[in-house]
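Here the structure is laid out as structure tokens; the discussion comes afterwards.
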Amino acid sequence: MVLLEVNGVTKHFGGVAANENVSFSVEEGELVGIMGPNGAGKTTLFDQITGFQAPDSGRIIFDGRDVTGKRPDRICAAGLARTFQIVRVFPELTVLDNVVVGALHRHKDVGVAQKRTYELLERVGLEDRSNALGRELPLAARKRVQLARALATEPRMLFLDEAMAGLNKKEAGAAVELLKSFRQEITIVMTEHVMEILMPLSDRVIVLVEGKKLVEGQPKEVSTDKRVVAAYLGEKFVASGE
Ligand SMILES: Nc1ncnc2c1ncn2[C@@H]1O[C@H](COP(=O)(O)OP(=O)(O)OP(=O)(O)O)[C@@H](O)[C@H]1O
Ligand SMILES: [Mg+2]
């Protein structure tokens with residue numbers, strides 16, 4: 001079943017075409033990786049799907065409903081949550097309250113929201129840090145807080161923008177294991193610069209270059225696609241490679 005359909009989404013910032021006629025769909029249960037060089041338009045695409053930017057044109061259909069240009073809280077209520085490339089954690093709130101903010105989207109009762117939060121903190125390995133302030137946490141923990149807050153909104157679909165950026169090898173490995181533990185329960189679309197991380201995790205990969213969708217396919221096909229190699233390394237590597 002198709003859960004998300006993105007149709008011809010276009011977004012310009014002045015003279016920059018951040019997204020140009022981008023279309024793809026995501027089936028329920030899939031993990032789709034979105035890759036592309038810096039400035040390819042990945043974050044802009046996520047911003048539009050999750051309501052933080054309105055597209056200039058194109059449509060976004062989630063679970064059969066047109067959510068194009070809707071507010072982030074409405075899209076979150078529809079079941080689509082995200083994390084941010086530039087990690088967003090309330091610095092003066094405790095870890096607990098940072099995640100309760102998400103849980104309150106679903107549970108008006110604070111006690112119920114807190115109970116749900118404790119379950120999630122345990123799941124992401126932050127149960128011992130529930131009273132720490134957001135600003136006291138290292139990046140890896142702040143990323144987990146973001147993830148827990150997104151999950152606390154009980155989404156059907158999760159967008160993770162640069163899920164492992166800035167983490168060391170060990171932390172990234174732990175983050176991959178954590179992600180794997182959720183993937184059976186939730187549909188995921190993620191960006192990640194490290195191909196060795198993104199490729200084995202993804203059921204399908206979409207490559208954006210200069211705002212346009214260049215290639216879409218199985219990780220194996222995509223990693224050997226000449227157009228992708230050219231986009232990352234330059235044409236001369238492709239020409240001399242064979
Ligand atoms: N709010 C904005 N105002 C003006 N230009 C923007 C804005 N947001 C993005 N851009 C431009 O749009 C293009 C796409 O940016 P975007 O951040 O979506 O790329 P990205 O693929 O997420 O890059 P990165 O890998 O560095 O995170 C870039 O040229 C960027 O400078
Ligand atoms: Mg980005």
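Whatever order the structure lists ligands and atoms in, that order sets their numbers, starting from 1.
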E119/R123 salt bridge by N-O under 4.0 Å criterion: no

Which of the listed options, T43, I86, T191, holds the heavy atom that is closest to atom 17 (O) of ligand 1? T43

Please write down residue, atom name and distance for the protein heavy atom closest to atom 26 (O) of ligand 1. N38 ND2, 2.9 Å

Closest approach of any protein heavy atom to atom 13 (C) of ligand 1, naming residue and atom: G39 O, 3.7 Å

Do the side chain of K42 and the main chain of G36 share a donor and acceptor less than 3.5 angstrom apart? yes

Which distance, rounded to the nearest 0.5 Å, do you find between the CG of L201 and the CE of M190? 5.5 Å

Could you tell me the residue and atom name of the protein heavy atom closest to atom 6 (C) of ligand 1, and the distance to it rounded to 0.1 Å? F13 CD1, 3.2 Å

Hey, are the side chains of R144 and L178 touching, using non-hydrogen atoms and a 4.5 Å cut-off? yes

Show which atoms of ligand 1 fall inside a sub-4.0 Å distance from at least one heavy-atom site of H193. 25 (O)

Protein heavy atom at shortest distance from atom 27 (O) of ligand 1: Q85 NE2, 2.8 Å

In ligand 1, the atoms that come under 4.0 Å of a heavy atom of A40 are 19 (O), 20 (P), 21 (O)

Does ligand 1 have any atom that is closer than 4.0 Å to a heavy atom of K11? no

Quick one: look up the protein heavy atom nearest atom 25 (O) of ligand 1 and list residue, atom name and how far away it is. K42 NZ, 2.7 Å

Among all protein heavy atoms, pick the one closest to atom 18 (O) of ligand 1 and tell me residue, atom and distance. T44 OG1, 2.6 Å

In this structure, does ligand 1 have an atom that sits under 4.0 Å from one of the heavy atoms of G41? yes

Does L96 form a side chain to side chain contact (heavy atoms under 4.5 Å, CB included) with Y118? I'd like the steps, not just the answer. CA-CA 8 Å; L96 180 76; Y118 279 118; 3.6 Å; yes

Between N19 and T44, a side-chain donor and acceptor under 3.5 Å: no

Contacts of the Mg ion (ligand 2) with protein N/O/S atoms, counting only those under 2.8 Å: T43 OG1, Q85 OE1

Which residue and non-hydrogen atom of the protein lie closest to atom 30 (C) of ligand 1, and at what distance in Å? V16 CG1, 5.0 Å

So which of R116, H105, R106 actually passes side-chain hydrogen bond (donor to acceptor under 3.5 Å, both in side chains) with E154? R116

Under 4.0 Å between a Lys/Arg side-chain N and an Asp/Glu carboxylate O for R183 and D203? yes

Can you confirm if the NZ or CZ of R82 lies within 45° of the ring axis of F52 and under 6.0 Å from the centre of its six-membered ring? yes

Determine yes or no for a side-chain-to-main-chain donor-acceptor pair under 3.5 angstrom, with S202 supplying the side chain and L31 the backbone. no

Indicate whether any N or O donor in one side chain lies under 3.5 Å from an N or O acceptor in the other, for N21 and T10. no

Give me the nearest non-hydrogen protein atom to atom 12 (O) of ligand 1 as residue plus atom name, then the distance to 0.1 Å. A18 CB, 3.4 Å

Side chain to side chain contact (heavy atoms under 4.5 Å, CB included) between I186 and L151: does it pass, once the steps are laid out? CA-CA 9 Å; I186 189 162; L151 290 166; 4.1 Å; yes

